[in-house]
Every structure is written in C-alpha cells, then in structure tokens.
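These notes are about the structure you will find just below.
Here is the naming used below: chain letters follow the sequence lines, and residue numbers restart at 1 for every chain.
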Amino acid sequence: MAAPTTPAPPERPRADIGTKTLRTDAWWRAPAISAFVLTAFVVYATIAVFYNKDYYYAPYISPFYSPCLVAGCHLAAQGYTHARVNVPHLTVLGYWWSISPAILILIFPLGYRLTCYYYRRTYYRSYWLSPPACAVAEPHKRYTGETRFPLILQNVHRYFFYAGLVLNAILTYDAVVAFRTHTGQWGHFGVGTAVLLINATLLWLYSLSCHSCRHIVGGRLKHFSRHPIRFKMWGVVSKLNTRHMQFAWSSLIWVALTDLYVRLVASGTIHGAWV
Amino acid sequence: MAYDLTLRIWRGDASGGGLVDYTVEAEDGEVVLDAVHHVQAQLAGDMAVRWNCKAGKCGSCSAEVNGRPRLMCLARLSTFSRGEPITITPLRTFPVIRDLVTDVSFNYRKAEMVPAFTPTAEQPTAPFRMAQVDVERSQEFRKCIECWLCQDTCHVIRDHDDNKEAFSGPRFFIRYAELDMHPNDALDRKKLVQEDRGLGLCNITKCCTEVCPEKIKITDNGIIPMKERVVDVKYDPVRLFRRRRGGDDV
C-alpha cells in the first residue's frame, strides 16, 4: 500500500470569517419541507397502524396491512355489512397476535426507507442538521458518520431491498384482484383499482431505481463487456436511478393516500364505485 | 451596459482579517472573477487571488461566493441581484494563506495515499486492451479538474477539523471508485477505503455533487457504488460466503 510521502505540516488557521454561513438564498426551505412531509407521514402512518380497523373493503386492502399475517384480520372486518368477505390473510401467527398486524408488515418498508441512500441524505439534513444544507455549519461538536452503531447498520439496506421486492409482489397481487367488485365479480374497475395500481407501480419504480438494486444487477461488475445482459439491466436501472428522489417521494405520499382511500371506503365515509 | 457593483471581499491572513467593501464598474456578461480583477487592478493591487484559465477548466479560482463554494470564473454576475453586494470569501475548509488564497496541500497529501493502478497478471503492461463500455464508466471521474470545491463543502472536514486525518474526501473516493471499477486493476482497495480513508464517515448528503463544476455525479456514481462494494466485502454475509467459495462474479 502506498504511504503518505509528504508529512502533514503544522495546521494553520482557517480564515476567520465569523458567521456560520454567508448563504443568502433560502437554504433552509428544502430541509424544512422535507421535515414537514416526513413528519406528517410518520404521524399519519402511526395513527393508521394503531387504529387497526377499516383497512379492508373487498377487494381493496390497505397497503399498510397487506399481507395480513394473523388470523385476527378476519375478525377486524366483522361488523361491516359490506366487508364480510374474508380479509385475505396468511395466518402465519394465528390468533395470539392481538395488536395491529400492520406492525409486522411495516417493519420492512420502514427499514427499507430508513436505510435508503436518498432518505438518509434527507433526514440527515432535515432532522440531524448534519449538515442542514451545503456550506451551512452543522451544530454538532463531534461527527463519526456511519462508522459506528447504530448508523453502521445502514449497510443492511440491500436486505430490506429484497424484502421490499416481496412486498411489492404482494401489493401487485392486491392491485390485480382489485379488478373485481366487492361481491367478487371479475372484469370491473373502480377508483380503488386505480389507486392500488398506481401504488404498486410507484413502489416498483422506487425499488427498481434503488442504489442497491443498481449495484446488484450490474454495478458490482468490473467487466461490463463480459456481462452484456447485466450491463443492459444496469443501464435501465441507472436511468431509473436518476429519478430515485421523485419515486421516493411519490411512492411515500401515494401509499398514505392509498391507505386513506381504503379507510374512507371501508368506514363507509365514501362509497366505492365500479364500472 | 455598465453598472456599479459592490463586492464584499475577505481580506486578511492567518493572523486575522475581515470583509472589505469595494465598488467597481461591471459590464453585462462578466463573471465574478472579472469583477475581482477590476478590484485588483483599480482598488487593491495587493489583493491575493489564485486564478488561471478563466474557463472553468483549471480549478484555480475556487472561492465561496455568497457562501456557496464555486469557481469564480463560472459565476455569472447576471445571476445575482443587482444592487446587492456579492460576498467573496476563501475556501473555509483549508488554512488561509492570504485574502482569497488557501493552502490546499491537504488534498495533495491525500492524493499521495491512493495506491496506484496495479495491472492484472493477464495484461501486466501497456497497451491495455479494454472494451469501450468498460472505458466509459470511469471516464466520468476523469473529468475532475481538482478545484477542491467538493472537499471544501464536505461537512465531514469543513465542520470537523479532527476528521481530516482519517478522511480522504469525495474527490479521492471517486479516484478509489475509478480504480476499483477498472477492469485491468488487480488491487482491492475496498477495505482500505472504508477502514483507513474514511468512506464510512460520508453520510451521502450530496453536497459534493451539488458544487461540482464538472457535473460529476460524485455521490450516485462514485461514493454510493463504493459503499455498496464495501458492503460486499465487509457486511453482506451472503457475498462473503460466495467470495470465500470463489464465486465472485466480477
């Protein structure tokens, strides 16, 4: 290994500029908006998860509760005449799980988004102020980045990516079975069908534009020329990757809107319509 | 059309200094470096400023214009509000020598620490035969003009002098990435860049990419791919298992 050949000179002082930043633009606007939207989502998602009802109106199921892994989901649908059709559930955990089944599901998208390279940039800036914006001094005296626990766990991102693909497949299935009426007749299309379809599409785009996905499909290669198919796949993912930020925000907001729509229909606040 | 422009320039050296106002006549189409030259020619002949090509290719005239790290020769005056002063300060991350000139030798010491290109046994000497698709990938990183704006804006060392020893900085992370992606380079630098060059300190806030005058996607195409490669050799048990069994598909 090469070693430094020039010894570091004694550290001389920097220019004594005084103020923490001389930026004159509204550098605080972007981190403030990001913090507001992320906080709003976290608040909404927390309420939606612990509310633990009105998440199913056949054939629509909220993405927060799909797939349902506990038998209790079936009971949650009781009491609504229009939703007596069984809530689709896998009953992996049986009846003993008494709190919201959404918790079991949301661990994965939450972990995926928390370790996502784009969201990391966003919340480091908006919440940790590390830094709040470029060339704006951060308030912390010490900084160790992602070298120590817990932030070193950001390196597990790719495993959450794999889990996210499984959930995407399930939500795509949910969108396909939404081409039915609530009485189970196929070949119909409602507002909820469109909502679920857009939701699944945005989640796929967010996953496929992921930096880990880009690495896995071809980024780790040294010889693109020896792997022409993976090189092509890498090219497609690289194009999507340039839009990762847009997919991150749009999929986040839409998944909340999807839950809201299902919730409003399931609670009878609005009525689903099919053609 | 000429108009009066006020520049607020940091004057001083290691012992101290402050912002000084200068008003000069500026013309449409000029850049900040032109205005600084007017000040130097007409009002402050002893003002130190480093510059060379005036075309955004030499990377010499790096400074902070209204608080943002920029090349002065690419900062068009027409993009600033007329009537408001433009503040110009030296790069904050590096020790000041005088006025707008800083000591950027930190970067050259980090450059010396990069293990050089090490050809594979397959093609031990030049000329190296490479497919065009393999060449193109690292060409983006070769655009770097070493203006040090990315190093200057990186909060890891800008706000924490104590990290300078352990952190090479974004400019050198793309150098490590370039070598790691080179099909004819045999040396594995992944653990080195993570354990000794401070890649783990980077929290990918993308300021380096924002300030790069060459529009190199430093974070997306250099640092994050390097972080993912480090995961392959340090944190991903499946990849580690495959590597041990000789199944690395590079």
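Contact of D161(B) with chain A is made through backbone and side chain together, with heavy-atom distances under 4.5 Å. Heavy-atom distances place no part of R148(A) under 4.5 Å from chain B, backbone and side chain included. Y235(B) touches chain A through its side chain: at least one heavy atom from C-beta onward sits under 4.5 Å away, while N, CA, C and O do not. Within the 4.5 angstrom heavy-atom criterion, only side-chain atoms of I152(A), from C-beta onward, approach chain B. Interface residue I157(B): only backbone heavy atoms are found under 4.5 Å from chain A. For a residue to count as touching a neighbouring chain, one of its non-hydrogen atoms must lie under 4.5 Å from one of that chain's; by this rule Y118(A) does not touch chain B.
Under the 30°/60° scheme for interplanar angles, the aromatic rings of F231(A) and F224(A) are found to be tilted.
Under the 3.5 Å distance criterion, with hydrogens and angles disregarded, no donor-acceptor pair is assigned to the side chains of R189(B) and Y176(B). A side-chain donor-acceptor contact under 3.5 Å links N221(B) and E140(B). Looking only at atom types and distance, the side chain of H155(B) has a donor-acceptor partner in the side chain of N203(B) under 3.5 Å away. Judged purely by distance below 3.5 Å, without hydrogens or angles, the side chains of T39(A) and Y127(A) pair a donor atom with an acceptor atom. Looking only at atom types and distance, the side chain of H211(A) has a donor-acceptor partner in the side chain of D220(B) under 3.5 Å away. For the residue pair D134(B) and S225(A), a side-chain donor N or O sits within less than 3.5 Å of a side-chain acceptor on the partner.
Between chain A and the residues T87(B), T89(B), V230(B), the most heavy-atom pairs under 4.5 angstrom are made by T89(B). Among the candidates G218(A), P13(A), A137(A), G145(A), the residue making the largest number of heavy-atom pairs closer than 4.5 Å to chain B is P13(A). Ranked by heavy-atom pairs under 4.5 Å with chain A, the list K206(B), E195(B), H160(B), E64(B) is led by H160(B). For chain B, the option among Y117(A), W27(A), Y143(A), W128(A) with the highest count of heavy-atom pairs below 4.5 Å is Y143(A). With chain A as the partner, the residue from N163(B), V211(B), V238(B), I204(B) showing the most heavy-atom pairs under 4.5 Å is I204(B). Among K234(B), M181(B), R158(B), the residue making the largest number of heavy-atom pairs under 4.5 Å with chain A is R158(B). Among the candidates D185(B), T219(B), T118(B), D99(B), the residue making the largest number of heavy-atom pairs closer than 4.5 Å to chain A is D185(B). When S130(A), G219(A), A133(A) are compared by the number of non-hydrogen pairs under 4.5 Å with chain B, S130(A) comes out ahead. When the candidates V156(A), L151(A), T144(A), T122(A) are compared by the number of heavy-atom contacts under 4.5 Å with chain B, T144(A) comes out ahead.
Under the 3.5 Å distance criterion, the side-chain polar atoms of K222(A) are left unmatched by any main-chain donor or acceptor of A186(B).
Checking each of R175(B), K190(B), K191(B), R137(B) against D180(B) for a salt bridge (Lys or Arg N to Asp or Glu O under 4.0 Å) leaves exactly one that passes, namely K190(B).
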Open item on the list: Go through it in stages, so that I can follow the logic: the residues are R121(A) and E210(B), the test is salt bridge (Lys or Arg N to Asp or Glu O under 4.0 Å), and I'd like the CA-CA distance, side-chain angles, deciding distance and then a yes or no.
Closed with: CA-CA 13 Å; R121(A) 167 194 181 270; E210(B) 280 187 28; 3.7 Å; yes

Task: F80(B)/V65(B) under side chain to side chain contact (heavy atoms under 4.5 Å, CB included): CA gap, chis, key distance, verdict - done: CA-CA 10 Å; F80(B) 298 90; V65(B) 182; 3.5 Å; yes

TODO: Evaluate side chain to side chain contact (heavy atoms under 4.5 Å, CB included) for E146(A) paired with C202(B), printing each intermediate quantity in order.
DONE: CA-CA 7 Å; E146(A) 298 179 341; C202(B) 169; over 6 Å; no

Open item on the list: side chain to side chain contact (heavy atoms under 4.5 Å, CB included), that's the test. Do C116(A) and Y206(A) meet it? Break it down for me.
Closed with: CA-CA 10 Å; C116(A) 163; Y206(A) 172 56; 3.2 Å; yes

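Contacts between residues 222-229 of chain B and chain A, counted as heavy-atom pairs separated by less than 4.5 Å, involve I224(B), P225(B), K227(B), E228(B), R229(B). Contacts with chain B (heavy atom to heavy atom, under 4.5 Å) involve these residues of residues 237-257 of chain A, listed by number: N241(A).
Closest approach of V96(B) and V101(B) over heavy atoms only: CG2-O, 3.7 Å.
The side-chain tip of R109(B) does not point at the ring of F106(B) from less than 6.0 angstrom away and within 45° of straight on.
Counting non-hydrogen atoms of neighbouring residues, nucleotides and ligands closer than 6.0 angstrom, the NZ atom of K217(B) reaches no more than 12 such neighbours.
The SG atoms of C207(B) and C134(A) lie less than 2.5 Å from each other.
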